[in-house]
Amino acid sequence: MEIIIAIASKIGECLVTPIGTEFGYLIHYHSNLESLRGEIKKLFDKRDGVQRLVDAAKWNGEIIKPDVQSWLKNVNDDLVKKVLQFEEISKKRRCVYRWSLSRRAYKITQHVLQLQNEGRVENVAHPAPPPEIWSTFKKGFQDFKSRMANMNKVIEGLKREEVRMIGICGMGGVGKTTMVKEIIVRLAKLDLFDKIVMATVSQSPSIRMIQSEIADKIGLKFEEESEPGRALKLHGRLMEIKRILIVLDDVWTEPDFEAIGLPSADAHKGCKVLLTSRDWEVCNRMGSQPIIAVPTLTTEESQELFREMVGESFNDPDLRSIAKDVVKECGGLPIAIVTVGKALEKKNKREWDDALNQLRNSTPVNIPGVNDKVYSSIKWSYDRLESDEAKSCLLLCCLFPEDYNIPIEYLVRYGWVRGYFSSIVTLEDARNRVHSLVDQLKRRFLLLDGGRSETTKMHDIVRDVAISIASRDSHGFLIRSHAENKGWSNLSTYGPYTTISLVGELEIPVGLKCPKLELLQMVKGRFSEGSMDIICDAMKELKVLALVEMEVLGSSRSLGLLKNLRTLCLDGSDFDGMSTDVIGSLENLEILSFRGCDSMRELPREIGRLKQLRLLDTTNCKNLKVIPHGIFSGLCRLEELYMMGSFDKWDLGTGREDKRMASISEVMSLSDHLKVLSINVIHLLPKDLVLKSPTIKFRICLGTGAEGFRQIIDERAKSDARKLMMMTTYAFENCLVIVESDARELMESQAVGLMLKKSKKLALNNVKNFSALTDLDEEGFQDLKVLYLNYCPNIEYLVNGTSALFPRIQSASQLPNSFLTNLRFLGLSNCGVLKYAFSLSVVRNLVQLEKLDIGGCDQMEEIVSKQGREHDEEADMISFHKLTNLNLGSLQSLAGFFQANKLYSNQEETTPRIEHRSVGIFEKAIFPSKCISWFPSLEEVVLDCMEFEGVLFDLKIHIVMDGQTAPTCPQLRKLEIYNCSFTHLWKNIPSGFQGFQNLRFLELTLCSGINYVFSHLIASELLNLEEVKIGGCRDMETIVRITEENEEEATKDMILFPKLNTFELQYLRRLTSLCPEGSTFQWSSTKNMHVEGCEKLKTLGAVIPKRKKLENKSQKDSTSPDFSTSPTRSSNWCPDGCGCIPYSRPNAQRPIEILPRPINQEVTPTNLEDSNDDDNLKNLYVINCNSMEVIFQLKGPKHEESSHSVEAFKKLRFFLLRTLPSLTRVWETGSSQPMFTGSSFGNLKSLSVDHCNQLKYLFSSSIVKLLVSVEDIKVKNCEQMEEIVAAEEEAGEIITLPKVKSIELANLPKLKYFCGEAYTLKLPSLELLEVVKVQSLRLFAPKHVDTPRCKYAPRWEWLNGWGTSMPL
């Protein structure tokens, strides 16, 4: 009995606790629900905060961390689903449900708390890596034979390990830099280097500039100020990059590698240097091997380039003979041919005759490194400029250092004062004229595009010639740099000079007299004590004094002596010690600029006395905090005021006048003559403020944080090729940025109302109390080109129904015809209640829209919506003719770009289906079939964080125009999809479909719901696809699939993706194949393949190898399949009909393969002759694929007497296998007769095998003989590996690996032989043999291993004591 009581007691104890817990769910029902609600609110608040950080990071172009993306996905997806299910269940109120609800609430609360804890992130993103250098290069390289041979020499030289530095030399203008840029582009495709950087050294090298150029390319930020400190940091970072190419362009003397921070060849074996120079001796002294001399173009090449420049004129019979003579005078130099050719374009015969005469009679000047022909041609092009203004503009450009981003604004300000522009009244007119002149000079190739906005560059040869021209007596230019400091001999000889530019550490000597000098520019130097006194004494006629980026400006009261000074520019200089009281005495001063002067804290009060001042610039003076009240009132001729990024605390009119700051009313009082205004204002403008001039050009940021928001926009705009969003500094259009404001208060200001109407670019951030865009301008923003709306909490529509502030606008149909007709860019983000972007009526006005960016609008259901009395038929007339870029992200409620019918076939039905009159039920799609024809110019589509229970492109409606099938999205080049969910990318593809034929790039990352990427019909259209990247798509099963609806059309023979260059598959856990089971695919032109983390992959595809014939052609065997003819189902073709090649094996058990070679043993060589013989694969990486058993299936013919062989993988260079636990063979061959020629695998350089535990051998002896170019072999961590080369031939065979330099064997416990006792192994180039933890290795003896380069056994490393008994 006691035993029974004890047992019962124990059972009771076990039951009480869980029963108590279950009763607790009933008892705490209300508290559990309240707790859940409270914690969910906290979590959603945290989510919103993280999302705002993510949005801000994206605006800054940063990369969002994967764990942050995953957390947001968990909150937005998994948790929301649980909560929705919970709410559905909670509608039932019976007791059992109360218990269940309470229990479920408790469980969900625990999950919410866990998510809250995981959501504590400090940084949501990291900076995006710097763009690769070649991405900024312009296309235009001419692949002439004389260039291609040299390029190949350079590329081949860089491939050789012993080559550390290569020099490219040639005369100025021969095209060295152009060639180097093309070499960089081609090297990028070869994957020889992890990073390529480029810096221009120039005749006057600046160590800091070179350091900065290289650092920018590798994403390095300097905190150190000293050059040695920067060098040390740069050196350390470069040493971390395993393979790096440093390109030094335009080298005149040997640069100091140590001072710059460049590693030496001995210190970094993976660092190589490519340099260009006009001097062969410089290349030689630097130790360049080899040195490649770039010749001039041949006669034929010169004529071809000249023909391209002059166009149709070259074919004119009257000009043909003259053209040949002109080309001859250009001496085969590209820069001469280009400049002369552009100048002669569309000119008549007389002008051609005159050009030839001028070129023949030109008197060259001795310029180091500049050929006489180059000088003559550039000089002639200069003389042919249509106006003196253009000539003067070009000569002003040579005042700046080599390879300098020349600010166009300087040309405006210098030229204005020098009187270069005729019939110009205002500075704004002068600016427009200069920008026009710069464009004209670019078209003549005398100027180049600058590296930054509003800048230009000058080729160093053009600069040399321009300096030669400008130095003549008629111009009187003197241009010097510290690198060529010639001193100031005979100070009395400088009297004729009118313009002097000094760059770097150059002192102005006492006693210098320049009575005619009008312009003095000093750049990047130091201003010693007394220098200002010398200037004022020696140059009293000075009109322009520009001290740019000068480190120290000495104080001087003598500045007031320069009574003729009209421009004073101190941009980027430290002038804190200068006496400012004398500025007021410069009574003729018209332009005063302090741009980027960080040391300036207070604007000198004396500026208010400058009655002639037309322009004042304090842009980016970030420490400017004080502007005395009343300073602007006396500037009665001020035309332009630039203060963006500096002072923003304008006075509101309160307090004592002597203590007050300058007020915005002060500035606006000038608006009757003010032409340009660029300022920050942290508060609202006064209601009574009036802009007196309706034509004023403005760039104004209103509100706290407005300047920061503008900077974010500018930063994001850098990636925009069209620069639509760029808010430039001087040559800008009307721009208004408003942050944290109330729309009702804004509209009470007359000035703000006028600026809203006149704005070309408008950005609103966190502006509340307006529901539609028409609330802000009833006339319809007819001038607006760029519009940003961010975090505007009350906006429901851009335009809809009755306007809150303008009641007389009753409907969209009553909008003015000009509403948004000039809009080029629209960005909508985080507008929480915005339902749609446009109505059908508004879309008709968007004839200029080029880019549309919408993200984070949680309530947006569609981009275009049918409203009110609008009819479906109106959608047939819609077209975004100019839309090229479309970005959509985080639109949780989006049902599609346009909903022609609200009921979708792939939604749950709650009401009977309603058939559309013409096309039936619509598929739920981002791009529904009704609007798929709206995008004839679309080039790029980016989708991010789109959880969508539908398809991307519904192609159901087939558009026919003029009896011809209209292609869908014919210009789409780039499709990027991140963190999205779709059921299909393409669906409902009609018979005869055409479209997407220009798609070049496709990326799918972290997408769900998608089982395959392409149907075979879509794949057959993508003839120009070059790059495919698919990663982290958890539901992806195959890449190409035959859909049931188009199965009959799958019988066509098709070669898909003929231009594919890069193919990446990463972490596709469910991927089993790339095409239907039992077939392999022809990935014929792929150059780079990367397969990683595809655990179930069965096959990657195939390329039919080209069978090489050694005898005369024989007749086709009628009994064998003919691969050169179109396949049919009856010809043993792939049953799924996707253009695949069926593969059969003799044995029933078929191993899983990558790149199997589908060679039918009975097929004759002639049958294969006409099949696809492209074999471009260069790089193959297979990593973490658990099901791989065989990589290459290579079978020879069954019959013994074969005189035919097959070429395969002729271009394969790099081959990596890692973590393939099922791999049993790398290469599989089935015959002792060699069927592969010596060119098969003939370019393989590197082979690495790691963690392949079922692999017993690496090569068969027949395959290893083909590896004539292999240099590195690495085999590690393969538990079953017994030998590297498996025996399959008679004893006494000699195996030679002629180029193998290093062999690494590690952690191979069963390895017994390298190639067995039956073979003699010759390794004539072997330098390093490293063996680690290889306990069973029996034989690697000298009698079987011939290694002449290891005669003295350098670096034969046997580590950890194993193998030490072997004789070496």
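In what follows, residues are counted from 1 in the order of the sequence shown. Since this is a predicted model, take the numbers as computed values, not measurements.
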Participant: Work out which heavy atom in Ala188 is nearest to a heavy atom in Ile196; give both atom names and the distance.
Facilitator: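 Heavy atoms of Ala188 and Ile196 come nearest at N-CD1, 4.5 Å.
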Participant: Other residues, nucleotides and ligands only: do more than 12 of their heavy atoms fall within 6.0 Å of NZ on Lys1274?
Facilitator: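 It does not: Lys1274 NZ has 12 such atoms or fewer within range.
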Participant: Say whether, by atom type as modelled, one donor and one acceptor occur between the side chain of Ser264 and the main chain of Ala267 under 3.5 angstrom.
Facilitator: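 Looks like yes, one N/O pair under 3.5 Å.
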Participant: Taking Ser288 for the side chain and Met165 for the main chain, is one N or O donor matched with an acceptor at less than 3.5 Å?
Facilitator: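 Here the side-chain-to-backbone pair does not exist.
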Participant: Does one side chain, of Asp1272 or Ser1246, offer a donor that lies under 3.5 Å from an acceptor on the other?
Facilitator: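 No - no donor-acceptor pair under 3.5 Å links their side chains.
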Participant: Applying salt bridge (charged side-chain N to carboxylate O under 4.0 Å, His left out) as the test, list every pair that has at least one member in residues 239-248; sequence neighbours left out.
Facilitator: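 The answer is Asp191-Arg243, Asp194-Arg243, Arg237-Glu240.
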Participant: Could you check whether any side-chain N or O of Gln211 sits under 3.5 Å from a backbone N or O of Ala259, counting only pairs where one atom can act as donor and the other as acceptor?
Facilitator: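 Checking the backbone N and O of Ala259 against the side chain of Gln211, a donor-acceptor pair under 3.5 Å is found.
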Participant: Using a 4.5 Å cut-off on heavy atoms from C-beta on, say whether the side chain of Cys271 contacts that of Leu238.
Facilitator: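 When only atoms from C-beta onward are counted, Cys271 and Leu238 do not touch, as no gap falls below 4.5 Å.
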Participant: Is it the case that atom NZ in Lys1256 sees more than 12 heavy atoms from other parts of the structure closer than 6.0 Å?
Facilitator: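 No.
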Participant: Could you tell me if the side chain of Val1249 sits less than 4.5 Å from the side chain of Leu1223, heavy atoms only?
Facilitator: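 No - every pair of side-chain heavy atoms lies 4.5 Å or more apart.
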Participant: Applying the side-chain contact (heavy atoms from CB on, under 4.5 Å) test to Phe193, which of Leu245, Ile241, Ile244, Ile184 qualifies?
Facilitator: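 So, applying the side-chain contact (heavy atoms from CB on, under 4.5 Å) to Phe193 and each of Leu245, Ile241, Ile244, Ile184, only Leu245 qualifies.
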Participant: Is the closest side-chain heavy-atom distance between Pro290 and Ile166 below 4.5 Å?
Facilitator: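 In contact.
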Participant: Is there a side-chain contact between Pro295 and Arg147, using heavy atoms and a 4.5 Å cut-off?
Facilitator: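 Side chain of Pro295 against side chain of Arg147, heavy atoms only: contact under 4.5 Å found.
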Participant: So do the side chains of Ser1269 and Leu1244 get within less than 4.5 Å of each other, counting heavy atoms only?
Facilitator: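 Ser1269 vs Leu1244: side chains apart.
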Participant: Within a strict 4.5 Å, meaning less than it, do heavy atoms of the Lys176 and Met179 side chains meet?
Facilitator: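 Result no, sub-4.5 Å side-chain heavy-atom pair not found.
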Participant: With side chains defined as the heavy atoms from C-beta onward, is the minimum distance between Phe1314 and Val1331 less than 4.5 Å?
Facilitator: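 Result no, sub-4.5 Å side-chain heavy-atom pair not found.
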Participant: Is any side-chain heavy atom of Leu1311 less than 4.5 Å from a side-chain heavy atom of Ile1284?
Facilitator: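 A side-chain contact exists here, since the closest heavy-atom pair is under 4.5 Å.
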Participant: Can you list the steps and then say if Val251 with Met286 is a side chain to side chain contact (heavy atoms under 4.5 Å, CB included)?
Facilitator: CA-CA 11 Å; Val251 178; Met286 292 181 67; 4.2 Å; yes
Participant: Nearest heavy-atom pair of Ile260 and Leu234: which atoms, and what distance?
Facilitator: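 The pair with the smallest heavy-atom distance is O-CD2, 3.5 Å.
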Participant: Any salt bridge (charged side-chain N to carboxylate O under 4.0 Å, His left out) involving residues 247-262? Give me the pairs, sequence neighbours left out, ordered by first then second residue.
Facilitator: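 As it turns out, the salt bridge (charged side-chain N to carboxylate O under 4.0 Å, His left out) pairs with a partner in residues 247-262, which skip direct neighbours, are Glu254-Arg285.
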Participant: Salt-bridge test for Glu156 and Arg160: reply yes if a basic N is under 4.0 Å from a carboxylate O, no otherwise.
Facilitator: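 The answer is no: the pair does not qualify as a salt bridge.
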Participant: So, using ring-ring contact (aromatic ring centres under 6.0 Å, His included) as the criterion, who are the partners of His1090 when residues are at least two apart?
Facilitator: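 Counting only residues at least two positions away or on another chain, His1090 forms a ring-ring contact (aromatic ring centres under 6.0 Å, His included) with Tyr1181.
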Participant: Run Thr1219 and Asp1250 through side chain to side chain contact (heavy atoms under 4.5 Å, CB included) and show every step you take.
Facilitator: CA-CA 6 Å; Thr1219 316; Asp1250 192 356; over 6 Å; no
Participant: Output, in order, the C-alpha distance, side-chain angles, deciding distance and verdict of side-chain hydrogen bond (donor to acceptor under 3.5 Å, both in side chains) for Tyr1067 and Glu1092.
Facilitator: CA-CA 6 Å; Tyr1067 300 101; Glu1092 181 171 358; 2.9 Å; yes
